[in-house]
Amino acid sequence: MNFSEQIISWYNDNKRELPWRNTTDAYIIWLSEIILQQTRVEQGLPYFYRFLERFPDISSFANAREDEILNLWQGLGYYSRGRNMLKTAQLIQDQYNGVFPVKYDDLIKLKGIGEYTAAAISSFAANETRAVVDGNVSRVLARYLGIDEPINSTKGKKIFQNIADELLDLNDPATHNQAIMEFGAIICKPKNPACGTCVLRLDCVAFKTNAIKYLPVKLKKVKIRERFFNYLLITDGEKILMNKRGENDIWANMYEMPLVETNTLLEIDELVKLPQLQQLGDKMAIKGHTTIIKHVLTHQHLYIRFIELRDFPENLQKGWFYTDVNNLDKLALPRSIFIFIKKFFNF
DNA sequence: AACCCGGGGAG
DNA sequence: CTCCCAGGGTT
């Protein structure tokens, strides 16, 4: 058996039952693929069900409001995925008469769909012969063939895509693609791969040369920025002052309390002297504050605390608005904000 | 090519 | 702690 036959044979015996398999509905496949970008299957599963129930087809998705999509996406991270999905759904509604495209060359033009996702949808929905290359695939290939080119360099991506294309089963690209990803997730795992039960181990260069530990090679990641977020908690228990975030920074278009960001960690009494706080009114006083929570993102470490003010401010800044506390569950909140609010108001 | 964009789980 | 997950967009 060649590589593809071995992988597919293993897959038929060992695959998980996942709800987005056994369908050729491009909309459902698209939904699952976007949710699963940089996301583990277990984490994405409940979101997949939630979205499919609320938006059973492309037209219901296209008619949604961005706020509702972000609210449903809350907690999953990489929120631009949700915003891009709305744009794509609207474009498909308008320019494709609501029929989801299944050709790679059409898919690749859509917002939020790159090489991987275009290959996945076109092969799963229409058996187009496009090889997927995700983290699983590049890891399997790097080990099996003993390739030490970094999988995330421009050159490396080209190399692994070319190899994946050559190995692809042209008669059943869909199953081949599913199989190699599943194999990477279950057997050829990043750490402690199950080489003992691997059907490819006798042909695997990394296994034969004891190089599993060192493959795949990946380029170093960039340095992490530290930021200090002081959130102003202004509430009487029934209404609360909130802010809608802008387009550019993290958590774009999502909601939070009024934010005072500082470059360093300030003591509470230093914080009160800041112009952002002085501008709020004449006699602004602090009622209390929380300890600092460290919120870890891929490129940033956020040090977050919540400062409760005694009175409502006289002057509101742009983007600030009062809302009923009972309305908070309808707003898309960053995870750390959501957790704090839940605890504070006893939700 | 480098950087940005979340949150969670494994080891 | 570190690494990585069914990646993609922007500069």
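In what follows, chains carry the letters A, B, and so on, assigned in the order in which the sequence lines appear, proteins first and then strands, with residues in each chain numbered from 1.
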- Using salt bridge (Lys or Arg N to Asp or Glu O under 4.0 Å) as the criterion, list what pairs up with A:E115, not counting sequence neighbours. none
- Item | ILVMFWY cluster membership beyond A:I108 - transitive side-chain contacts under 4.5 angstrom | A:Y104
- Message: Please report the distance, rounded to the nearest Å, between CD in A:Q300 and P in B:dG6.
- Response: 8 Å
- Is the cationic atom of A:K239 (NZ for Lys, CZ for Arg) positioned less than 6.0 Å from the six-membered ring centroid of A:F312 and within 45 degrees of its normal? yes
- Item | ring pair (Phe, Tyr, Trp, His ring centres under 6.0 Å) partners of A:F48, counting only residues at least two apart | A:W20
- Item | A:N253 CG to B:dC5 P, straight-line distance once rounded to whole Å | 13 Å
- Message: With the threshold set at under 4.0 Å for non-hydrogen atoms, list the residues of residues 13-22 of chain A touching DNA chain C in residue-number order.
- Response: A:L18, A:W20, A:R21
- Query: Taking side chain as C-beta onward, heavy atoms only, is A:I337 less than 4.5 Å from A:Y255?
  - Reply: no
- List in chain and number order the residues that pass side chain to side chain contact (heavy atoms under 4.5 Å, CB included) with A:H299, two or more places apart in sequence or in another chain; answer none if no residue qualifies. A:V222
- Item | ILVMFWY cluster membership beyond A:I292 - transitive side-chain contacts under 4.5 angstrom | A:F228, A:L265, A:Y303
- Task: Give the other cluster members for A:V217, using side-chain heavy-atom distances under 4.5 Å between Ile, Leu, Val, Met, Phe, Trp and Tyr residues; answer none if it is isolated.
- Result: A:L215
- From A:F51, A:F55, A:Y47, residue fulfilling ring-ring contact (aromatic ring centres under 6.0 Å, His included) relative to A:W73: A:F51
- Query: Taking the side chain of A:P190 as heavy atoms from C-beta outward, which of C:dC4, C:dA6, C:dG8 is closest to it?
  - Reply: C:dC4
- Return the value, rounded to whole Å, for the distance between atom CZ of A:R225 and atom P of B:dG6. 12 Å
Please enumerate all protein N or O atoms sitting under 3.5 Å from an N or O of nucleotides 8-11 of chain B, with distances to 0.1 Å.
from, atom 1, to, atom 2, distance (Å)
B:dG8, OP1, A:R335, NE, 2.3
B:dG8, OP1, A:R335, NH2, 3.3
B:dG8, N2, A:R40, NE, 3.4
B:dG8, N2, A:R40, NH2, 3.0

Protein N or O to nucleotides 9-11 of chain C N or O, pairs below 3.5 Å:
from, atom 1, to, atom 2, distance (Å)
C:dG9, OP1, A:G112, N, 2.6
C:dT10, OP1, A:K111, NZ, 3.3

- Pairwise side-chain contact, A:Y11 with A:I180, heavy-atom cut-off 4.5 Å (strictly under): no
- Task: Evaluate ring pair (Phe, Tyr, Trp, His ring centres under 6.0 Å) for A:H295 paired with A:W251, printing each intermediate quantity in order.
- Result: CA-CA 13 Å; A:H295 186 88; A:W251 302 327; 5.7 Å; yes
- Query: Of all residues at least two apart in sequence or in a different chain, which pass the side chain to side chain contact (heavy atoms under 4.5 Å, CB included) check with A:T290?
  - Reply: A:R305, A:F306, A:F340
- Message: Can you list, by chain and residue number, the hydrophobic cluster partners of A:M1 when the side-chain cut-off is 4.5 Å?
- Response: none
- Query: Which part of the nucleic acid does A:T298 contact within heavy-atom distance under 4.0 Å: base, sugar-phosphate only, or nothing?
  - Reply: base
- Task: Taking only heavy atoms on the protein side, list every residue of residues 121-142 of chain A lying under 4.0 Å from any atom of DNA chain C, sorted numerically.
- Result: A:D134, A:G135, A:N136, A:R139
